[in-house]
Novice: 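Could you have a look at this structure, given as structure tokens, before my questions?
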Amino acid sequence: MKTLKIATFNVNGIRARLPNLLAWLERERPDIACLQELKAVDRYFPKADLEAIGYASLFMGQASWNGVAILVRDAEPLEVRRGLPGTEGDPQSRYLEAAAHGVLVGCLYLPNGNPQPGPKFDYKLAWFERLIEHAATLQGSDHPVVLAGDYNVVPTDFDIYNTRSWLKDALLQPQSRECYQRLLQQGWTDALRHLYPNDRIYTFWDYFRQHWQKNAGLRIDHLLLNPTLKPCLKNAGVDAWVRNEAHASDHAPTWIELNTRKLK
DNA sequence: ATGACAGTTCCAAACTGA
């Protein structure tokens with residue numbers, strides 16, 4: 001059976017993380033990989049290193065912060081959109097959309113929003129509203145669509161090891177969660193939670209307080225499927241081994257496998 | 001309440017992240 005593997009990975013600095021990124025791509029061989037937090041301008045994007053292992057790339061960098069990319073194996077991605085509608089004057093590089101292997105892929109890096117309350121939290125919610133508006137135009141498409149990325153939202157208390165030290169954090173605020181629920185209610189499927197409703201699943205473990213060693217994680221990297229794509233969903237998971245490597249990102253790659261025979 | 005760690009930047013103290 002032919003399958004298509006699509007992953008999302010917040011690399012936390014693509015230059016510092018290049019050896020880890022290449023090792024992951026070579027071992028897991030996703031067909032499409034959405035990257036976030038490049039933390040580099042476009043001239044530092046390692047396009048040639050990725051081509052050398054079979055990946056074509058689209059990227060939208062920015063100095064120091066943010067930055068997103070879409071990598072595609074054995075095909076050229078077709079760029080569809082650079083930035084969300086309504087954010088044309090916004091210098092923050094957080095959204096890239098492309099068609100590849102028969103799927104429309106939105107790669108997003110939602111603002112963190114801390115500290116809250118404050119202007120950064122307001123920016124997070126405003127950005128979320130733009131995403132919700134744009135997602136509404138994609139949700140009902142006859143074309144298969146996935147919205148993959150670092151949403152910076154812990155959807156429920158089941159998606160975190162313990163809420164105690166996070167109650168004031170922007171990732172757990174009712175407003176952040178309400179936006180995420182409103183997005184799902186358009187008709188999107190949270191792939192990992194759909195397949196594993198009763199499992200503790202984490203995609204991020206912060207660098208502090210030995211959170212990785214204690215498995216004190218958060219689930220904040222999500223892949224959302226529109227109704228056209230949902231019947232193709234076959235499997236999903238987190239490549240947690242990547243988080244255990246030397247010089248790891250604080251996020252682990254999160255992925256879905258699709259049965260492409262059911263596409264179209 | 002703070003800071004624990006990590007990456008970035010006019011190269012080093014300050015910022016952002018989650």
Side-chain angles (χ1 to χ4, degrees), chain A residues 8-22 24 34-46 49 59-69 90-95 107-128 131 148-177 179-180 200-222 238 240 242-254:
Chain A
T8 180
F9 183 22
N10 180 323
V11 294
N12 188 15
I14 193 158
R15 281 184 292 170
R17 207 70 59 215
L18 186 59
N20 305 62
L21 173 63
L22 295 175
W24 168 65
C34 297
L35 307 182
Q36 301 87 32
E37 276 210 273
L38 305 179
K39 292 185 167 182
V41 293
D42 287 348
R43 71 175 174 279
Y44 293 140
F45 189 86
D49 297 280
F59 44 93
M60 184 186 191
Q62 180 188 330
S64 301
W65 317 118
N66 311 316
V68 286
D90 188 336
Q92 299 195 25
S93 298
R94 294 182 176 277
Y95 188 83
C107 171
L108 64 106
Y109 177 46
L110 213 132
N112 169 307
N114 281 309
Q116 78 75 37
K120 292 191 175 180
F121 191 60
D122 295 342
Y123 177 76
K124 175 181 192 146
L125 297 179
W127 201 96
F128 221 143
L131 177 65
D150 178 356
Y151 283 73
N152 269 314
V153 176
V154 174
T156 72
D157 289 353
F158 191 62
D159 298 299
I160 183 169
Y161 65 102
N162 187 323
T163 61
R164 192 171 52 235
S165 56
W166 297 85
L167 289 173
K168 289 186 175 176
D169 196 281
L171 279 62
L172 279 73
Q173 290 315 298
Q175 299 100 310
S176 308
R177 289 176 163 180
C179 284
Y180 189 72
R200 289 280 182 175
I201 303 167
Y202 305 133
T203 67
F204 166 88
W205 298 259
D206 81 25
Y207 292 122
F208 310 154
R209 295 166 290 200
Q210 294 194 295
H211 274 184
W212 167 248
Q213 290 79 358
K214 297 174 181 169
N215 193 29
L218 286 64
R219 191 175 75 93
I220 56 178
D221 300 276
H222 309 302
V238 179
V242 175
R243 182 64 181 80
N244 198 46
E245 297 287 280
H247 310 294
S249 168
D250 39 6
H251 295 250
T254 306

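A, B, ... follow the sequence lines: proteins, then strands. Residue 1 opens every chain. The analysis underlying the following values was restricted to heavy atoms, covering all of them including side chains, and did not include hydrogens, waters or symmetry mates.
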Novice: Starting at CZ of A/Arg17 and ending at C1' of B/dG7, how long is that distance when rounded to a whole Å?
Specialist: 8 Å
Novice: Tell me the interatomic distance from A/His251, atom NE2, to B/dA6, atom C1', rounded to whole angstroms.
Specialist: 12 Å
Novice: I need the CH2-P distance between A/Trp65 and B/dT16, as an integer number of Å.
Specialist: 6 Å
Novice: With nearest nucleotides of DNA chain B determined for A/Tyr207 and A/Ser64 from heavy-atom distances, which residue corresponds to the more 5′ nucleotide?
Specialist: A/Tyr207
Novice: Expressed in angstrom and rounded to an integer, what is the separation of A/Ile14 atom CD1 from B/dT9 atom P?
Specialist: 13 Å
Novice: To the nearest Å, how far apart are A/Leu35 CG and B/dG7 C1'?
Specialist: 16 Å
Novice: Heavy atoms only, 4.0 Å cut-off, all strands: where does A/Asp250 land among base, sugar-phosphate and nothing?
Specialist: nothing
Novice: OP1 or OP2 of B/dG17 sitting under 4.0 Å from any side-chain N/O of A/Lys120?
Specialist: yes
Novice: CG of A/Leu218 versus P of B/dG17: gap in Å, rounded?
Specialist: 16 Å
Novice: Rounded to whole Å, how long is the line connecting atom NZ of A/Lys168 with atom C1' of B/dG3?
Specialist: 15 Å
Novice: Look at the side-chain N and O atoms of A/Arg15 and state whether any lies under 4.0 Å from the OP1 or OP2 oxygen of B/dT9.
Specialist: yes
Novice: Roughly how many Å is it from CZ in A/Phe204 to C1' in B/dG17, rounded to a whole number?
Specialist: 8 Å
Novice: Is the ring of A/Phe208 stacked on the base of B/dA4, with centres less than 5.5 Å apart and planes under 30° off?
Specialist: yes
